[in-house]
**Student:** 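I have a structure I would like to understand better, so I am pasting it below and will then ask my questions one at a time.
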Number of protein chains: 2
Amino acid sequence: MPHPHPPSDAAPLAERLRARGLRLTTQRQRVLAAVAALEHATPEEIASQLREEAGPGGAAPDTSTVYRNLELLERLGLVWHTHLGKGAPVYHAAEHPHLHVVCAGCGEISSVDPALLDGAAERLAADLGFQLDVGHVALSGTCRACRERAGSES
Amino acid sequence: MPHPHPPSDAAPLAERLRARGLRLTTQRQRVLAAVAALEHATPEEIASQLREEAGPGGAAPDTSTVYRNLELLERLGLVWHTHLGKGAPVYHAAEHPHLHVVCAGCGEISSVDPALLDGAAERLAADLGFQLDVGHVALSGTCRACRERAGSES
DNA sequence: TTAACTGCAAAAGGTTTGCATTGGA
DNA sequence: TCCAATGCAAACCTTTTGCAGTTAA
């Protein structure tokens, strides 16, 4: 993951910020880039990744800035977050939406095709008028490895 | 919600505790009863419900006891928790499993038939060997009211 | 220039832990 | 009796907030 913050990501960010009268800062670009690079990262992981990129002596965005910007980027529609387990939420870039599947046993995260929930989404829309937001959904359960492990114990 | 802690709930609890050499305490019975009565309650809500039940002068379980027992009850398979939004997790009784649908706009929680995800569960099992745990799933999106509200603004 | 943004530090919220005491089996 | 469980208080971790200094536009 060598590329710190590809300029290609800056374009839609700059546009959306300008449209709202907000400012393009290096911190915002870096946070967005880190989210895209890390996939499934918690705010803390994002902050520490930025610290690492900055290196000793370099200035990384403050933790509070990371939080504020994650919230902003989400409002701008550039990132999404999901709650996978008990702990912190994880953020991922909004492009190429995918569905998260988490194993409650080992914590492993898989990404699956959002189309998996098309049927359920239709039914919710028809029955409740509820619009399912697939990007925010996390499915939890037990992966094959953990099931086998549990089976051989007890 | 008049019944503080129906004795009917105590039976499976006592059994499962005894099977593991653990003890049946009044605190455990109360926590379990509160989870069942409140539905979708956070640990904090459960603790404060218990304080209310105890009344002034009465002794309610300490917050740490509530946490410890929620964890235990979950290990015993009597309650489940789900993360609905950013805040605290919510607990519900493990009997009559249901699926949570949360509106990201207003926070309203609906319960829907777990069968909604049968198709998705089958596919996950077939493709990944992943066993979907429907009780832990929370679907987020936007309810009809919030969609209409958003549409009439901006 | 000027208001949005950041960094810092302190506060808040939720959860966990250590330890002496209590109480179920 | 004996050890699991509780209560209490302090610690912890993550997230939020107030404010003065900084910086994009």
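Per chain, numbering begins at 1; letters A, B, ... match sequence-line order.
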**Student:** Can you see if the side chain of B:Gln27 gets near the phosphate of D:dG7 - specifically, an N or O under 4.0 Å from OP1 or OP2?
**Tutor:**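 Result: yes.
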**Student:** When the ring planes of A:His40 and A:His100 are compared, do they come out parallel, tilted or perpendicular, using 30° and 60° as the limits?
**Tutor:** perpendicular
**Student:** Look for any protein N or O under 3.5 Å of an N or O in nucleotides 22-25 of chain C and output each such pair with its distance, or none.
**Tutor:**
{"residue": "C:dG23", "atom": "N2", "partner": "B:Arg23", "partner atom": "NH1", "Å": "2.6"}
{"residue": "C:dG24", "atom": "N2", "partner": "B:Arg23", "partner atom": "NH2", "Å": "3.0"}
{"residue": "C:dA25", "atom": "OP1", "partner": "B:Leu24", "partner atom": "N", "Å": "3.1"}

**Student:** Would you mind classifying the nucleic acid contact of A:Thr42 as base, sugar-phosphate or nothing, using non-hydrogen atoms under 4.0 angstrom?
**Tutor:**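 It contacts nothing in the nucleic acid.
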**Student:** Donor-acceptor pair, A:Arg123 side chain versus B:Leu117 backbone, under 3.5 Å?
**Tutor:**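 Not at all, since once roles are kept as given, no pair shorter than 3.5 Å links the two residues.
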**Student:** Within this structure, what is the CZ-to-P distance between B:Arg51 and D:dT6, rounded to whole angstrom?
**Tutor:**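 It is 16 Å, rounded to the nearest whole Å.
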**Student:** Rounded to whole Å, please give me the gap between CG in B:Leu70 and C1' in D:dT6.
**Tutor:** 15 Å
**Student:** Among A:Glu52, A:Glu53, A:Glu45, whose side chain to side chain donor-acceptor pair (under 3.5 Å) with A:Gln49 holds?
**Tutor:** A:Glu53
**Student:** I'd like to know if A:Arg51 and A:Glu44 make a salt bridge, using a cut-off of under 4.0 Å between side-chain N and carboxylate O.
**Tutor:** yes
**Student:** For residues A:His92 and A:His81, establish whether the separation of their ring centroids is below 6.0 Å.
**Tutor:**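 No; A:His81 has its ring centre 6.0 Å or more from that of A:His92.
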**Student:** Rounded to the nearest angstrom, tell me the gap between atom CD in A:Glu44 and atom P in D:dT16.
**Tutor:** 14 Å
**Student:** Quick one: B:Glu71 CD to C:dG14 C1', roughly how many Å, whole number?
**Tutor:** 15 Å
**Student:** With a cut-off of less than 4.0 Å, is there a side-chain N or O of B:Ser64 near OP1 or OP2 of C:dT16?
**Tutor:**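 Looking at the OP1 and OP2 atoms of C:dT16, neither is under 4.0 Å from any side-chain N or O of B:Ser64.
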**Student:** If you find the nucleotide of DNA chain C closest to A:Ala59 and the one closest to B:Thr63, which residue's nucleotide is nearer the 5' end?
**Tutor:** A:Ala59
**Student:** Between B:Asp62 (CG) and C:dT16 (P), how many Å, whole number?
**Tutor:**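 So the two atoms are 14 Å apart, to the nearest Å.
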**Student:** Distance check needed: C:dG14 C1' versus B:Ile46 CD1, whole Å only.
**Tutor:** 14 Å
**Student:** What is the distance, to the nearest angstrom, from the CZ atom on B:Arg75 to the C1' atom on D:dA5?
**Tutor:** 13 Å
**Student:** Find out if a path of hydrophobic residues (ILVMFWY) with successive side-chain heavy-atom gaps under 4.5 Å connects B:Leu99 to B:Phe130.
**Tutor:** yes
**Student:** What's A:Arg68 touching, base or sugar-phosphate or nothing? Going by heavy atoms closer than 4.0 Å.
**Tutor:**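 Result for A:Arg68 = base.
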**Student:** Can A:Glu71 and A:Arg75 be counted as an ion pair, charged N to O under 4.0 angstrom?
**Tutor:**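 Salt bridge between A:Glu71 and A:Arg75, a charged N being under 4.0 Å from a carboxylate O: yes.
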**Student:** Tell me: NE2 of A:His83 to P of C:dG14, nearest whole Å?
**Tutor:** 14 Å
